[in-house]
Amino acid sequence: MENPLLLFPQLNISASKDKAYYKKTMIKEEPHKATKQKRNRLSLLLQKPEFHEGDHLGKPGSLTKAASVSPEEAVKWGESFDKLLSEKAGLDAFTKFLKTEFSEENIEFWIACEDYKKSKSAHELLPKAKTIFETFIQKDAPKEVNLDFHTREVTSRSMGQPERSTFEAAQSTVYRLMEQDSYPRFLRSAPYLGLLQGRAPARAPLRRRSRSFTVSDFKGARPNPTLW
């Protein structure tokens, strides 16, 4: 029996085209595969235990839990940003508020820095510093925070031999941005005002991304945490 490819040469041509198309498709899929692998590595990075100490990031809490807070205690949160962050219920409530604005990376970075400074030995500093840097500071980090060029460069240069003070400048910058931008809005938010009046908080509204502020926006500005 004769070879069908000799009788119908167009079949041979079609098979060659299919083979070429298969090779081309495989080449295109490689970058997608690499991207998927990179995302998987980032996912594992964000699951590192140091970001869940104290249950702040693993369980950011909610204003539902904070509903048990007395109006008198809620009033204290409005006295200063330090007072709000120093109490777990206040920190949890503020974290949930930032989630509604898609800016929770700021408080998560601040908490990670607080944990970093509590490292018991120099041996712990390097892996923690690397994780914080890759998660929050380096360009295109999965939870990149808003830092000015100088602060980012100073922090990057100190990564060779990280110390407990490595992230102080960056943490101070992010703290100031939250204090002068997010904190006043938190004090004016319906859930917080509900706590002041002793009411359970209403269901959170549809999340929206707030305007991204830069450090220069707040030069010379003073915080105004008034309720009205």
Side-chain angles (χ1 to χ4, degrees), residues 43 46-47 51-115 132 135-137 141-148 167 170-228:
S43 177
L46 295 178
Q47 295 175 15
F51 290 110
H52 300 277
E53 293 190 13
D55 273 351
H56 288 314
L57 297 185
K59 297 180 180 179
S62 66
L63 287 181
T64 301
K65 289 183 179 181
S68 61
V69 175
S70 67
E72 292 75 20
E73 185 175 355
V75 168
K76 294 179 181 179
W77 298 353
E79 294 176 358
S80 71
F81 191 44
D82 280 333
K83 184 67 176 177
L84 174 68
L85 299 187
S86 66
E87 299 185 6
K88 187 179 186 303
L91 177 60
D92 288 347
F94 185 63
T95 299
K96 185 176 183 182
F97 171 75
L98 292 184
K99 284 180 176 292
T100 68
E101 297 195 332
F102 289 90
S103 59
E104 66 269 22
E105 69 275 1
N106 292 325
I107 195 63
E108 291 182 3
F109 172 67
W110 183 86
I111 293 172
C113 290
E114 288 294 289
D115 171 69
I132 292 174
T135 304
F136 298 103
I137 296 180
K143 296 188 177 184
E144 184 178 358
V145 293
N146 193 351
L147 298 175
D148 59 274
F167 298 105
Q171 184 183 18
S172 177
T173 297
V174 171
Y175 177 94
R176 186 167 64 253
L177 292 176
M178 290 191 295
E179 181 182 35
Q180 298 181 5
D181 176 28
S182 304
Y183 176 54
R185 286 203 306 278
F186 169 76
L187 296 179
R188 294 192 298 267
S189 68
Y192 176 69
L193 295 177
L195 290 178
L196 290 179
Q197 298 173 16
R199 302 196 307 264
R203 186 179 182 88
L206 182 66
R207 295 175 65 178
R208 62 179 180 83
R209 166 64 80 176
S210 61
R211 180 169 96 82
S212 296
F213 289 87
T214 61
V215 177
S216 60
D217 290 327
F218 298 104
K219 287 185 177 179
R222 299 181 63 184
N224 182 22
T226 55
L227 298 179
W228 301 276

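Computed from a prediction, not measured in an experiment: that's the story for all the values here. Keep in mind that the numbers below use all heavy atoms, side chains included, and drop hydrogens, waters and symmetry copies.
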Visitor: Is Met178 close to Leu98 at the side-chain level, that is, under 4.5 Å between some pair of heavy atoms?
Guide: yes

Visitor: Compare all side-chain heavy atoms of Phe186 with those of Trp77 and state whether any distance is below 4.5 angstrom.
Guide: yes

Visitor: Compare every heavy atom of Ala112 with every heavy atom of Phe136, then report the nearest pair and how far apart it is.
Guide: CE1-CB, 4.2 Å

Visitor: Less than 4.5 Å apart, side chain to side chain, heavy atoms only: is that true for Thr173 and Val145?
Guide: no

Visitor: Glu72 vs Lys76, test: salt bridge (Lys or Arg N to Asp or Glu O under 4.0 Å). Steps then yes/no.
Guide: CA-CA 7 Å; Glu72 292 75 20; Lys76 294 179 181 179; over 6 Å; no

Visitor: How far apart are the C-alpha atoms of Lys88 and Asp92, what are their side-chain angles, what is the distance that settles it, and do they pass the salt bridge (Lys or Arg N to Asp or Glu O under 4.0 Å) test?
Guide: CA-CA 6 Å; Lys88 187 179 186 303; Asp92 288 347; 2.8 Å; yes

Visitor: Please report the shortest heavy-atom distance between Tyr183 and Glu79, naming the atom on each side.
Guide: OH-N, 4.0 Å

Visitor: What is the minimum heavy-atom distance between Pro184 and Glu179, and which atoms define it?
Guide: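 Shortest heavy-atom contact: CD-O, 3.3 Å.
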
Visitor: Could you give the distance from CZ (Arg176) to CD (Gln171), rounded to the nearest 0.5 Å?
Guide: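 Spacing of CZ (Arg176) from CD (Gln171) equals 12.0 Å.
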
Visitor: Test of understanding: with salt bridge (charged side-chain N to carboxylate O under 4.0 Å, His left out), list the residues that count as partners of Glu73, not counting sequence neighbours.
Guide: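 Per chain and number, Glu73 pairs via salt bridge (charged side-chain N to carboxylate O under 4.0 Å, His left out) with no residue.
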
Visitor: Do the ring planes of Trp110 and Tyr175 sit parallel (below 30°), tilted (30 to 60°) or perpendicular (above 60°)?
Guide: tilted

Visitor: With a 4.5 Å heavy-atom cut-off, do Phe167 and Ile137 have their side chains touching?
Guide: yes

Visitor: Walk me through whether Lys143 and Phe109 qualify under side-chain contact (heavy atoms from CB on, under 4.5 Å).
Guide: CA-CA 9 Å; Lys143 296 188 177 184; Phe109 172 67; over 6 Å; no

Visitor: Please confirm whether the backbone N or O of Ala74 pairs with a side-chain atom of Tyr192, one donor and one acceptor, at under 3.5 Å?
Guide: yes

Visitor: Between Ala141 and Thr135, which heavy-atom pair has the shortest distance, and what is it?
Guide: CB-O, 3.3 Å

Visitor: As a quick check of understanding, evaluate salt bridge (Lys or Arg N to Asp or Glu O under 4.0 Å) for Glu101 and Arg185, giving each step before the final call.
Guide: CA-CA 10 Å; Glu101 297 195 332; Arg185 286 203 306 278; 2.5 Å; yes

Visitor: With the side chain counted from C-beta on, respond yes when Ile107 and Leu91 share a heavy-atom pair under 4.5 Å apart, and no when they do not.
Guide: yes

